[in-house]
Structures are given as C-alpha cells and as structure tokens.
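In what follows, a structure is listed as structure tokens, so that the remarks can point back to it.
Lettering follows sequence order; numbering is per chain, from 1.
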Protein chains: 2
Amino acid sequence: MEKENRVSITVIRRLPKYYRYLNDLLNKGINRISSQELSKMTGFTASQIRQDLNNFGGFGQQGYGYNVEDLHSQLGKILGLDKVYKSVIAGAGNLGQAIANYRGFQDAGFEVLSLFDKNPKLIGIKIRDIEIRDVDEMESFIKENGIEIGIITTPKESAQMIAEIFERSGIKGIWNFAPADIKVKEDIIVENVYLNESLFALSYFMNNKKDYVRRD
Amino acid sequence: MEKENRVSITVIRRLPKYYRYLNDLLNKGINRISSQELSKMTGFTASQIRQDLNNFGGFGQQGYGYNVEDLHSQLGKILGLDKVYKSVIAGAGNLGQAIANYRGFQDAGFEVLSLFDKNPKLIGIKIRDIEIRDVDEMESFIKENGIEIGIITTPKESAQMIAEIFERSGIKGIWNFAPADIKVKEDIIVENVYLNESLFALSYFMNNKKDYVRRD
DNA sequence: CTATGCATATTATTTAATTAACAAATTACT
DNA sequence: AGTAATTTGTTAATTAAATAATATGCATAG
C-alpha cells in the first residue's frame with residue numbers, strides 16, 4: 001500500500017504542457033488529435049506522449065486518437081484544476097502584484113484573497129479589488145478564510161519566517177519565489193520557482209551553444 | 001568535432017544550485033567543503049555532485065574536498081557569470097518592473113538598459129533609473145546598444161511578435177515569461193519560464209501526495 | 001457488412017541518469 | 001614519522017526514462 005506505483009516526476013512535469021496545448025486546440029475548435037500530431041506540436045515523441053497518458057488510464061481510442069475536450073478535462077482533473085484554491089500572497093512588491101494581477105491564475109482556479117506586506121505605505125492599497133494587509137494579520141486571515149495555498153514573493157531574508165507562519169496557519173501548499181530553501185514539515189507541498197537559476201541556465205547556454213538543445 | 005561529449009541538460013540545470021549554495025558558504029566564511037556536506041545541503045547525492053563537477057574538470061582534492069572560493073569562481077565562469085550582459089525587457093507591467101527592480105540579477109551581471117511597452121501611460125516613467133520606452137524604438141535601441149538578452153514579460157498574444165523583433169535586432173538569448181512557445185531561429189537561445197506549469201505541478205502534488213518527493 | 005488502414009495500449013529494447021564501489025591522494029592524529 | 005581516516009576522481013553496476021516494436025481494437029469506405 002505504501003509504495004503503489006508512483007508516477008514519475010518527469011511525467012508529471014510534462015502534464016501541464018499537454019494541458020496547455022490541448023487548451024489551444026480546444027480554442028481552435030479542434031476536437032480530435034493523435035499522439036503524432038501532439039508530438040509535432042510539443043516536441044515530445046508520440047511514443048512518450050502515449051506512455052505518459054497511459055500512466056493515468058487509456059484516454060484514447062485505437063484508430064481514432066484522443067478526443068481533445070475529453071483529454072483536456074481528464075488532465076484538468078488529474079492536475080486538480082477542476083477545484084478552486086484559495087491563496088494569499090506574502091510580499092506585495094512588483095512580483096506579488098504581478099501574480100495578483102495575472103488573470104491566467106484566476107482562470108485556472110487559483111483565487112488570491114489577500115496580499116500581505118510589512119511596508120505601511122502599501123497596506124490598504126488594492127490590487128484588482130485585492131487588499132494589501134499587514135503581515136501581522138496574515139495568520140489569522142489564513143485560518144479564518146481557509147486558505148490552502150501560500151505564495152512567497154518576499155526577499156529571501158524573510159522567506160523562512162513567512163513559511164513558518166504559513167505552516168502554523170495550516171497552509172497545504174507553498175509556491176515560493178524567493179531564492180532560498182524553505183524548511184517546513186514534510187506534508188506541506190513546496191513548489192519553488194528559482195528565477196535566478198533559470199537565468200543562469202540561459203547564460204550557460206549562451207556560452208556553450210554545443211550543449212543547447214531547444215526544449216519547449 | 002560535431003558531437004563532442006556534450007554535458008547533459010540535467011547536469012547543467014543543477015549547476016546554478018551548486019553555485020547558490022557555494023555563495024552561501026562563501027558569505028558564511030567557510031572555505032572548505034566536501035561532496036558529502038554539499039549533499040546534505042542540496043539533497044543531491046555526494047556521488048552525483050562529484051560526477052556533475054567532473055564534467056568540467058577536477059576541482060577537488062582527495063582527502064580535502066573542494067575549496068569553496070575556487071569552486072564558486074569556477075562555476076561562475078562555467079555559467080558565464082563573470083561577464084556582463086546587456087538586456088532589455090519587453091513589457092513594462094508588474095512582472096517586467098519586478099525584474100527590472102530585482103537587484104539579484106544586476107549583481108549577477110545582468111544589466112537592464114531599458115524597458116519597452118506600447119502603453120503611452122507607462123512610456124517615460126523610470127524604474128530605478130531605467131526608462132520605459134515605446135516598443136517602436138526597441139529594435140534600434142537594441143542595435144545601437146549591443147543588447148544581447150531580450151526578456152519577454154508581455155501577454156502571450158504579443159510574445160511571438162516581440163521575439164521576432166528580438167531576432168531581427170540580433171539578440172542572442174531570450175528569457176521568455178509568456179506562456180507561449182516562441183519560434184525564432186535555432187541559434188538564439190530561448191529559456192522559458194512557464195509559471196502556470198509550475199503552479200499546475202503544485203496543484204497536482206497537493207492532490208496526489210503519494211507522488212510528491214521534495215526536491216530543493 | 002466486411003475489409004483495410006489507422007492509431008492506441010502495451011511490452012520489449014535501448015539509452016540516459018543515478019548510485020555504488022574502490023583505488024589513489026591527502027590530511028590529521030598519535 | 002607512521003598510520004588511520006578522509007575524500008576525491010573514475011569506473012562499474014543499477015535504476016529510471018525514453019524510444020521502438022507490435023498486437024489489438026475502432027473507424028471508415030466501399
């Protein structure tokens with residue numbers, strides 16, 4: 001029961017990409033797609049695509065391919081995008097505001113209920129109806145509103161402290177933009193976005209073109 | 001000559017992490033480190049760390065370990081961080097401003113010379129001495145100033161158009177934040193930051209804890 | 001209603017990545 | 001100085017991932 005066949009991380013990281021392309025197809029009104037066509041779009045091999053999808057069940061039909069709408073909705077369920085998540089953002093600087101402003105997240109079911117900051121100049125300001133509150137109120141806000149996701153967009157010096165508030169408040173997942181490792185108890189899911197690491201990789205490839213293979 | 005032993009992407013993506021930890025050690029005044037200690041810090045196995053580093057040469061010493069300052073500087077060179085890159089940002093919304101504001105990039109040698117937008121309300125405003133200009137001037141600005149890196153923080157609808165301006169202007173690398181695949185000629189390095197994919201992965205793991213293994 | 005071709009699901013194979021093992025070099029201790 | 005304890009570089013073994021192959025089931029055309 002413990003070690004049921006877990007889906008590998010490499011597969012999981014590809015799912016959002018499939019989802020995005022299926023969404024594009026849906027918007028174009030295309031309702032049928034083969035793994036071969038998906039391969040051309042995504043750059044992954046057809047074989048890999050079929051294997052990836054079969055981790056979660058046989059969504060296709062021999063001789064036909066995949067139904068775009070069905071596969072899109074199935075992947076949405078697998079990714080948990082059929083639910084609505086309540087979230088808060090710690091750090092109301094440009095990055096925090098950028099995330100609060102981004103419609104794409106809202107549309108995918110990630111609702112930002114409040115931003116928090118310690119800068120008195122920011123407190124009280126609203127970003128698209130979302131109020132910036134004092135970080136001292138964050139813990140009680142999270143508890144009272146049943147917030148599940150905490151987003152860290154503070155400088156790295158504050159990241160751990162914020163993470164601990166999240167932990168105390170019962171947050172289930174953390175989306176961390178600070179270039180620091182945060183330590184919280186194991187059952188909290190932490191997804192890091194290390195922008196500097198991405199930039200450094202760009203820099204590396206610019207200096208070592210031989211190692212570069214384009215991946216979308 | 002063509003297929004000299006290329007370093008695998010998975011290795012390259014770990015280098016920035018090593019670099020970051022070494023930087024931390026440097027700031028702490030620690031001048032010696034073993035692969036085993038690095039393993040504890042980073043979560044990678046000691047064996048993997050030694051193998052990764054040996055792709056680029058033997059930086060360590062048997063019985064001693066690695067000299068922090070030396071390894072840090074070597075990795076910096078490998079990543080191309082010993083140079084200064086001139087860059088511009090297309091899209092002066094919150095995200096573009098966040099990047100322009102972020103000292104960390106500046107410190108790593110990524111200099112933002114200008115932001116560009118089509119919104120007349122933004123044009124002329126300065127972010128930390130960096131002026132926002134009309135996107136119509138972008139091509140000539142890039143050419144005149146020898147800009148090497150173009151950063152895309154526009155909505156996805158404009159991303160391809162911006163990428164084409166970058167291509168025409170002789171940009172060498174593109175850091176793309178728009179959730180869209182951009183098509184440019186093969187010798188331009190493209191590094192994508194797909195924030196929605198990261199968020200979807202977080203969502204997946206929150207719904208499928210069994211598949212989650214923390215990776216820093 | 002049947003035959004042909006298409007495209008999946010699934011298994012086998014190959015390739016890549018990770019981990020383990022160990023000889024050689026160095027440090028640190030007695 | 002001599003010996004035990006470290007710790008690397010490197011090769012070998014193992015595990016994981018990607019690709020290829022193939023049998024099966026549907027769709028479509030006549």
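- A close approach under 4.0 Å does not occur between any side-chain nitrogen or oxygen of Asn54(B) and OP1 or OP2 of dT8(D).
- Among the nucleotides dT7(D), dA7(C), dT18(C), the one closest to any side-chain atom of Thr10(B) is dT18(C).
- Here the P atom of nucleotide dT24(D) and the CD atom of Gln61(A) are 17 Å apart, to the nearest Å.
- Side-chain atoms of Gln51(A) come within donor-acceptor range of the base of dT19(D), with a qualifying N/O pair under 3.5 Å.
- Residue-to-nucleotide proximity on DNA chain D shows that, of Thr45(A) and Tyr64(A), the 5′-proximal contact is made by Thr45(A).
- At whole-Å resolution of the value, CZ in Arg6(A) and P in dA16(D) are 11 Å apart.
- Atom-to-atom, CG of Asp52(B) to P of dT19(C) comes out at 10 Å; the value is rounded to the nearest Å.
- Of the candidates dA17(D), dA9(C), dT8(D), the closest approach to any side-chain atom of Arg50(A) belongs to dA9(C).
- One finds no side-chain N or O of Ser8(B) lying less than 4.0 angstrom from the OP1 or OP2 phosphate oxygen of dA16(C).
- If you take CD1 of Ile49(A) and P of dT10(C), they are 17 Å apart, rounded to a whole angstrom.
- Asn196(A) and Tyr102(B) share no side-chain donor-acceptor pair at under 3.5 Å.
- Between the C1' atom of dA17(C) and the CZ atom of Phe44(B) lies a distance of 13 Å, rounded to the nearest Å.
- Closest heavy-atom contact between Asn192(B) and Val190(B): OD1-CG1, 3.7 Å.
- For Ser35(B) and dT8(D), the shortest distance from a side-chain N or O to OP1 or OP2 is below 4.0 Å.
- For an aromatic pair to be called close, the ring centres must be under 6.0 Å apart, and Tyr85(A) with Trp175(A) fails this.
- Here the side chain of Asn55(A) pairs a donor or acceptor atom with the backbone of Asp52(A) at under 3.5 angstrom.
- Distances from the side chain of Tyr66(B) to the nucleotides dT27(C), dT8(D), dA21(D) place dT8(D) closest.
- Scanning atom types as modelled, no donor and acceptor separated by under 3.5 angstrom connect the side chain of Gln48(A) and the base of dT19(D).
- Put simply, CD on Gln36(B) is 15 Å from P on dT19(C), counting in whole angstrom units.
- The nearest whole Å value for the distance from the CG atom in Asn67(A) to the P atom in dC26(D) is 16 Å.
- One finds a side-chain N or O of Arg32(A) lying less than 4.0 angstrom from the OP1 or OP2 phosphate oxygen of dT28(D).
- Remark: the Gln62(B) side chain and the dT7(D) base include no donor-acceptor N/O pair separated by less than 3.5 Å.
- What separates CG of Leu53(B) from C1' of dT7(D) is a distance of 13 Å, to the nearest Å.
- A donor-acceptor pair under 3.5 Å is formed between the side chain of Thr153(B) and the backbone N or O of Ala90(B).
- Residue Ser47(B) is classed as a base contact, given a heavy-atom separation below 4.0 Å to a base.
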